[in-house]
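Residue numbers run from 1 in the order of the sequence given. In this text, all values refer to a predicted model and were calculated from it rather than measured experimentally.
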Amino acid sequence: EEQLVESGGGVVQAGGSLRLSCGASGFTFEDYEDYCIGWFRQAPGKEREGISCISTTDDSTFYRNSMKGRFTIFKDNAKNTVYLQIDNLIPEDTAVYYCAMGLLVTVVYGNTLEYEVYRWGQGTQVTVSS
């Protein structure tokens with residue numbers, strides 16, 4: 001079964017850093033050329049929002065403008081894993097973070113980050129304490 005498996009969430013103090021991982025299980029990046037694998041988050045009582053995604057084919061990255069700076073996406077092709085590095089965490093970053101993949105051609109980025117999601121991960125909780 002093909003799955004996206006997230007890990008790395010937890011409870012962190014404000015100002016700290018966290019690295020989330022999204023591993024491809026049952027498939028490789030090479031199996032899905034021209035896809036984007038990235039991250040969304042959903043805070044309590046708020047809509048889910050896109051953060052960033054990275055191409056499976058090359059190292060092209062796409063960000064929601066408001067997420068640039070503290071959020072960095074990168075991948076390890078050998079491990080078929082996408083990472084999200086979050087620095088200078090603030091309490092407003094508290095949310096469930098979801099890994100998601102979709103076709104690269106559907107990516108819309110800038111003031112938003114959206115794409116047609118083909119597959120979701122199960123989510124990982126990030127809680128930032130003040």
Side-chain angles (χ1 to χ4, degrees):
E1 183 182 3
E2 297 182 350
Q3 296 179 8
L4 295 171
V5 181
E6 300 111 326
S7 62
V11 180
V12 185
Q13 283 195 330
S17 297
L18 208 59
R19 180 174 294 178
L20 306 181
S21 300
C22 172
S25 176
F27 67 98
T28 69
F29 290 170
E30 288 184 349
D31 294 330
Y32 288 89
E33 290 188 354
D34 298 326
Y35 273 75
C36 219
I37 299 181
W39 296 90
F40 290 73
R41 71 180 184 182
Q42 187 164 21
K46 294 189 176 181
E47 292 186 357
R48 187 155 48 192
E49 61 178 357
I51 300 170
S52 179
C53 73
I54 186 167
S55 168
T56 56
T57 305
D58 55 28
D59 290 329
S60 299
T61 58
F62 307 90
Y63 287 89
R64 176 189 291 264
N65 287 341
S66 61
M67 303 294 185
K68 290 181 179 179
R70 296 192 302 114
F71 295 81
T72 304
I73 194 168
F74 59 99
K75 64 185 171 80
D76 184 332
N77 290 327
K79 295 182 179 180
N80 291 296
T81 300
V82 173
Y83 302 93
L84 184 69
Q85 176 75 27
I86 314 172
D87 297 317
N88 298 319
L89 281 153
I90 59 177
E92 290 74 19
D93 293 324
T94 295
V96 179
Y97 285 71
Y98 296 91
C99 181
M101 64 183 289
L103 282 170
L104 199 55
V105 292
T106 68
V107 173
V108 178
Y109 66 100
N111 291 328
T112 186
L113 189 285
E114 301 173 359
Y115 50 97
E116 293 181 11
V117 176
Y118 169 76
R119 179 174 294 138
W120 290 97
Q122 82 282 2
T124 185
Q125 176 71 47
V126 172
T127 302
V128 183
S129 61
S130 56

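- Looking at Tyr83 and Lys75, their side chains never come closer than 4.5 Å, going by heavy atoms from C-beta outward.
- Among all heavy-atom pairs drawn from Gly9 and Leu18, the shortest one is CA-CD2, 4.3 Å.
- Between the side chain of Tyr115 and the backbone N or O of Val105, no donor-acceptor pair lies under 3.5 Å.
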Practice task
Could you please spell out the steps behind the side-chain contact (heavy atoms from CB on, under 4.5 Å) verdict for Ile51 and Leu84?
Solution key: CA-CA 9 Å; Ile51 300 170; Leu84 184 69; 4.1 Å; yes

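- Between the CG atom of Leu89 and the OG atom of Ser130 there is a distance of 12.5 Å, given to the nearest 0.5 Å.
- A side-chain donor-acceptor contact under 3.5 Å links Ser52 to the backbone of Phe62.
- The backbone N or O of Gln85 lies less than 3.5 Å from no partner atom in the side chain of Arg19, so there is not a single donor-acceptor pair.
- For the atom pair Glu33 CD and Ser55 OG, the distance stands at 9.0 Å (nearest 0.5 Å).
- Of all heavy-atom pairs between Ser17 and Asp87, the closest is OG-OD1, 2.9 Å.
- Scanning for ring-ring contact (aromatic ring centres under 6.0 Å, His included) contacts around Phe71 gives an empty result, with sequence neighbours left out.
- Hydrophobic clustering of Ile, Leu, Val, Met, Phe, Trp and Tyr side chains at less than 4.5 Å, counting indirect connections, keeps Leu103 apart from Phe40.
- At least one donor-acceptor pair under 3.5 Å links the side chain of Glu6 to the backbone N or O of Gln122.
- Enclosure of atom CG in Asp58 by more than 12 non-hydrogen atoms of other residues, nucleotides or ligands within 6.0 angstrom is indicated.
- Each of Val107, Val82, Ile37 was compared with Cys53 under the side-chain contact (heavy atoms from CB on, under 4.5 Å) criterion, and only Val107 meets it.
- In this structure, a donor-acceptor pair under 3.5 Å is present between the side chains of Thr57 and Asp34.
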Exercise for the section: Would you check, one step at a time, whether the test side-chain contact (heavy atoms from CB on, under 4.5 Å) holds for Leu113 with Trp39? Expected result: CA-CA 9 Å; Leu113 189 285; Trp39 296 90; over 6 Å; no

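- The SG atom of Cys99 sits 11.5 Å away from atom CD of Gln3, with the distance rounded to the nearest 0.5 Å.
- For the 3.5 Å distance criterion, the side chains of Thr81 and Asp76 fail to qualify, holding no donor opposite an acceptor.
- Arg70 is listed as a side-chain neighbour of Asp93, based on a closest heavy-atom distance under 4.5 Å.
- Just one residue in the list Leu20, Val12, Val96 forms a side-chain contact (heavy atoms from CB on, under 4.5 Å) with Val126, and that residue is Leu20.
- Atoms CD1 and OG, on Ile73 and Ser60 in that order, are 11.5 Å from each other to the nearest 0.5 Å.
- Sorted by first then second residue, the side-chain hydrogen bond (donor to acceptor under 3.5 Å, both in side chains) pairs that include residues 94-104, not counting sequence neighbours, are Arg41-Tyr97.
- Rounding to the nearest 0.5 Å gives a distance of 5.5 Å between CE of Met101 and CZ of Arg119.
- Few gaps surround CD on Gln125; more than 12 heavy atoms of other groups in view lie less than 6.0 Å from it.
- Among residues two or more places apart in sequence or in another chain, the ring-ring contact (aromatic ring centres under 6.0 Å, His included) test is passed with Tyr32 by Phe27, Tyr35, Tyr118.
- When only modelled atom types and interatomic distance are considered, Thr112 and Glu114 share a side-chain donor-acceptor pair under 3.5 Å.
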